[in-house]
Amino acid sequence: MTALGPRPGPRTERLALPGVLSPEQVLSTVEGIAAVQHADGAIPWFRGHHLDPWDHIEAAMALDAAGEHERATAAYRWLVRHQNPDGSWYAAYPDTPDGVAAAAPTDRGRESNFCAYVAVGAWHHYLSTGDDAFLDGIWPTVFAAVEFVLGMQQSGGQIGWRRGADGTIDSDALLTGSSSVYQALRCALAIAEHREEPQPDWELSAGLLGHAIRHHPERFLDKRRYSMDWYYPVLGGALTGAAAKERIEEGWDRFVVPGLGVRCVSPNPWVTGGESCELALALWAMGESDHAVDILRWIQRPLRAEDGMYWTGYVFEDDAVWPEERTTWTAGSLLLAVAALGGDEATTAVFGGEGLPRGLDSDCCG
């Protein structure tokens with residue numbers, strides 16, 4: 001992989017957002033993510049911490065948005081090499097002094113949304129690069145991952161959240177995870193459509209899942225205290241228009257702390273960077289760009305570190321960052337949010353949803 005240049009280029013200038021990030025600040029954040037990535041493409045949370053597939057992909061997407069396509073390609077090649085025979089990845093791989101030791105995962109569970117997210121990353125990378133050879137090469141990986149995930153879909157459309165190390169499916173469904181899977185299924189269908197390889201079973205599954213998210217909250221575990229369960233149906237694209245606006249307005253005062261960001265859990269006095277940036281993406285997708293910019297501007301003071309990375313969270317009652325970790329996925333979510341606000345075509349496509357298949361409409365069903 002080539003080293004990042006010492007000066008901001010056209011891509012970092014495009015990611016700059018007045019009042020939020022300058023081109024130089026964008027560059028330092030991109031360099032911060034790149035510094036954590038190993039030569040084999042693996043992107044742990046930070047050096048010495050574990051890697052999980054979802055956050056690895058989020059960081060790779062941010063690298064693509066910043067024009068670091070070679071690094072992003074290496075991240076996807078890591079996924080291809082370490083996919084399990086059943087199409088899954090383990091939930092956590094340790095980061096050792098020699099790199100990420102995939103042969104010794106620290107969590108042998110396999111989480112549905114972790115595995116599905118490769119479709120979002122793969123489609124985003126293709127839209128960023130136009131690399132047909134990449135898409136051809138990763139298609140078997142995406143196909144196997146989607147088949148694994150849909151093997152965990154329940155009769156009501158929701159997705160069981162995890163298959164244990166012993167192979168047992170935990171049929172309990174998480175609204176956040178299922179919403180992320182919904183976005184991934186739509187991206188997988190876009191890849192299939194581009195390749196002229198229709199997947200009618202996937203279309204039916206996506207329709208059933210979208211219907212469950214929109215109309216059947218009782219099919220998911222009650223996690224209403226968590227802000228992700230509040231905004232993820234919007235971020236994942238299941239809720240749009242008036243329904244999305246109504247949902248965001250309903251939870252705004254419960255989760256948003258003006259001037260600081262978004263609570264991870266209500267009513268805890270803890271705002272987190274990942275949730276704040278994801279809410280900004282959801283707001284952008286709703287056409288509320290001004291509010292999205294506000295959120296991103298607020299988090300800069302408490303969460304941006306001197307090296308351009310971002311602290312995971314800030315306990316405002318104690319005026320203290322916590323935990324004391326600067327994670328690649330937090331920085332990645334920030335870069336993806338500013339990329340969407342700046343009109344980056346690949347990022348707007350996977351998070352805006354225009355042009356993504358929605359699956360077979362099942363809203364007529366019970």
Side-chain angles (χ1 to χ4, degrees), residues 113 116-117 119-120 123-124 127 156-159 173-190 193 202-220 222-224 226-256 262 266 275-296 333 336-366:
N113 66 305
Y117 207 50
V120 181
W123 188 233
H124 182 264
L127 294 175
Q158 71 274 27
I159 306 291
L174 301 173
L175 182 58
T176 294
S178 286
S179 296
S180 179
V181 171
Y182 180 72
Q183 180 193 20
L185 287 177
R186 296 180 68 198
C187 288
L189 285 167
E193 185 177 280
W202 294 4
E203 293 182 47
L204 176 59
S205 293
L208 290 170
L209 176 57
H211 177 82
I213 293 169
R214 287 188 289 272
H215 301 297
H216 290 282
E218 76 280 0
R219 295 177 185 172
F220 302 91
D222 186 352
K223 300 287 184 180
R224 285 175 292 181
Y226 293 83
S227 61
M228 286 192 296
D229 260 32
W230 164 52
Y231 63 74
Y232 242 94
V234 179
L235 180 62
L239 289 184
T240 59
K245 184 177 178 62
E246 180 181 353
R247 186 175 186 89
I248 294 302
E249 287 180 347
E250 182 277 328
W252 187 268
D253 291 339
R254 188 164 70 255
F255 291 111
V256 175
V262 178
S266 176
E275 280 79 356
S276 296
C277 295
E278 287 181 337
L279 176 62
L281 267 171
L283 290 167
W284 164 82
M286 292 168 52
E288 301 283 347
S289 292
D290 289 347
H291 289 313
V293 172
D294 286 341
I295 297 286
L296 297 180
S333 65
L336 289 171
V338 297
L341 285 159
D344 178 69
E345 292 182 5
T347 306
T348 59
V350 299
F351 288 104
E354 284 190 30
L356 289 182
R358 297 192 68 85
L360 296 179
D361 183 4
S362 62
D363 277 359
C364 61
C365 308

Result block: side-chain N/O donor-acceptor pairs under 3.5 angstrom for residues 235-251, not counting sequence neighbours:
unit_1	atom_1	unit_2	atom_2	d
Lys245	NZ	Glu249	OE2	3.1
Arg247	NE	Trp230	O	2.6
Arg247	NH2	Asp229	O	2.8
Glu250	OE2	Arg254	NH1	3.1

If you take all heavy atoms of Ala206 and Gly359, which pair is closest and at what distance? CB-CA, 4.0 Å

Closest non-hydrogen atoms of Cys277 and Ser333, given as atom of the first, atom of the second and distance, are CB-OG, 3.4 Å

Could you tell me which residues satisfy salt bridge (charged side-chain N to carboxylate O under 4.0 Å, His left out) with Asp253, sequence neighbours excluded, listed by chain and number? none

Looking at every heavy atom in both Gln183 and Val350, which two are closest together, and how far apart are they? NE2-O, 2.9 Å

Side chains of Asp294 and Leu283: does their closest heavy-atom pair fall under 4.5 Å? no

Flag the pair Arg214 / Tyr182 as yes when at least one side-chain heavy-atom distance between them is below 4.5 Å, and no otherwise. yes

Closer than 3.5 angstrom, by distance alone: can the side chain of Arg219 be matched with the main-chain N or O of Gly156 as a donor-acceptor pair? yes

Neighbour count above 12 (heavy atom, 6.0 Å) for Glu218 CD: yes

For Thr347 and Leu336, which heavy atoms make the closest approach, and how far apart are they? CG2-O, 3.5 Å

Under the side-chain hydrogen bond (donor to acceptor under 3.5 Å, both in side chains) test, which residues partner Lys223, sequence neighbours left out? none

For residues Phe351 and Trp284, report the shortest heavy-atom separation together with the two atoms involved. C-CZ3, 3.8 Å

Could you give the distance from OG1 (Thr348) to CG (Leu281), rounded to the nearest 0.5 Å? 11.0 Å

Is there a donor-acceptor pair closer than 3.5 Å between any side-chain N or O of Ser178 and the backbone N or O of Leu175? no

With a 4.5 Å cut-off on side-chain heavy atoms, are Asp344 and His124 touching? yes

Phe220 and Thr176: side-chain contact (heavy atoms from CB on, under 4.5 Å), yes or no, with the steps? CA-CA 9 Å; Phe220 302 91; Thr176 294; over 6 Å; no

Closest approach of Ala349 and Leu127, non-hydrogen atoms and distance? CB-CD1, 3.6 Å

Separation between OH (Tyr226) and OH (Tyr231), nearest 0.5 Å, reads 13.0 Å

Do Leu174 and Asn113 touch side chain to side chain, with heavy atoms closer than 4.5 Å? no

Is the backbone N or O of Met228 less than 3.5 Å from a side-chain atom of Glu275, with the two atoms forming a donor-acceptor pair by type? no

Tell me yes or no: between the side chains of Glu278 and Tyr232, is some donor less than 3.5 Å from an acceptor? yes

Using a 4.5 Å cut-off on heavy atoms from C-beta on, say whether the side chain of Leu356 contacts that of Trp123. yes

Arg186 side-chain N/O to Gly353 backbone N/O, donor-acceptor pair under 3.5 Å: yes

To the closest 0.5 Å, what do you measure between NE2 (His291) and CG (Leu279)? 10.5 Å

